[in-house]
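For reference, the structure discussed in these notes is given below.
Numbers here simply count residues along the sequence, with the first being 1. One-based numbering, in listed order, for ligands and for the atoms of each.
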Amino acid sequence: MSPAIEIQGLGKRYGDTVALDGVDLTVPEGSVYGFLGPNGAGKTTALRILTGMARPSTGGARVFGHDVVHATNDVRALIGFLPDVPGYYPWMTAEEFLRFAGKLHGVSGRVLDDRVESLLEMAGLAGVKQRVGGFSRGMKQRLGVAQALINAPKLLMLDEPTSALDPMGRKDVLEMIAALRGKTTVFFSTHILTDVERVCDTVAILDHGRVVRQAAMAELKREGHALKVAVEVEEGAEALEPLLAAEPWAVECERDGQVVRCVVSDMPAARRSIPAVVASKRLGLVRMVDEEPSLEDVFVELVGGRS
Ligand code: ATP
């Protein structure tokens, strides 16, 4: 079975600017895939090529086995797309807009009626008679996702779907994305780490037109990156910090109130020795917990702190 997206050696130049520099990427069918990268990393360029709106300078890409450059129509029938700056007709209602989008895709009759009804429901816009021109950004973006689903695509691609939204708007759009899990493959670009953490099962990190990491979320957080342990004491953390920092397993420690956080090279060794170190100072141990590195830790390590 062909993957939803397969990108090989994809390159794109605009004059002297290298937007994509040999991108390799595979998006398995059924995944909710986060395409994460700082501004200017090349995310929009990659999505434009995948949707047939731009041509690569080198390499190529396939969507469910169809060449995105030479089989554009086959690809269009399989995808739904929400661009980073979507256009709407402000005088239409949500229902009119979805019907219009459906007709452009050749959907009509009963199928269109049913789709419009279920998508309005999904977008929380059922019964909204207001015209799109008066919608909040969140409502517009939910309508945009619904519009991208009107042709019942196998693959939904979204370019920065949450960037312009407030926390509630982001939550609503992320819930729409999460509800598609298992039904539609979703590939969305973003620079917002928490969005990826909330809904994606797989992630690729793009930087300067190159994929610097591609992995399952769980693996990315676990693999090869610093583990942290947090040790909280009733009091006396200032005395504890240098003792922990001097242990052979401690890479670095920092104190925040009565909590000492250490990056550790050997977690079992740390677990064995921490209670004894605490006891040697006659301090009361409140808790000792492992702290998984956040996606932000991983991202900063790979992309060098720019986001
Ligand atoms: P953002 O989050 O800021 O939209 P992005 O990751 O989507 O960033 P792209 O928009 O793909 O990045 O841009 C990648 C690089 O290519 C940038 O340096 C950008 O300035 C350049 N670029 C993109 N489109 C064009 C174009 N049409 N002409 C010239 N340069 C371009």
**Message:** Would T17 count as being in polar contact with ligand 1, using the rule that some N or O on each side must be under 3.5 angstrom apart?
**Reply:** no

**Message:** Is there a continuous path of hydrophobic side-chain contacts, each under 4.5 Å between heavy atoms, that joins V32 to I192?
**Reply:** no

**Prompt:** How far is atom 12 (O) of ligand 1 from its nearest protein heavy atom, and which residue and atom is that?
**Reply:** G42 N, 3.1 Å

**Item:** Atom pair CZ (R76) and OG1 (T72), whose distance is rounded to the nearest 0.5 Å
**Value:** 6.0 Å

**Request:** Could you tell me which atoms of ligand 1, counted from 1 in the order shown, lie closer than 4.0 angstrom to a heavy atom of A41?
**Result:** 5 (P), 6 (O), 12 (O)

**Prompt:** To the nearest 0.5 Å, what is the distance between CZ (R142) and OG (S136)?
**Reply:** 6.0 Å

**Request:** Using a strict 4.0 Å cut-off to heavy atoms of P38, name the atoms of ligand 1 that fall inside it.
**Result:** 6 (O)

**Euclidean distance, I79 CD1 relative to T185 OG1, rounded to 0.5 Å** = 12.5 Å

**Min heavy-atom dist G37 to ligand 1 below 4.0 Å** = no

**Message:** Any nitrogen or oxygen of A19, side chain or backbone, less than 3.5 Å from one on ligand 1?
**Reply:** no

**Request:** Please answer whether the main-chain N or O of T26 pairs with a side-chain N or O of Q214 as donor and acceptor at a distance below 3.5 Å.
**Result:** yes

**Prompt:** What ring pair (Phe, Tyr, Trp, His ring centres under 6.0 Å) pairs are there with at least one residue in residues 29-58, not counting sequence neighbours?
**Reply:** Y33-F187, F35-F187

**ligand 1 atoms in contact with E160 (distance to a heavy atom under 4.0 Å)** = 2 (O)

**Request:** May I ask you to check whether D84 has an N/O atom sitting below 3.5 Å from an N/O atom of ligand 1?
**Result:** no

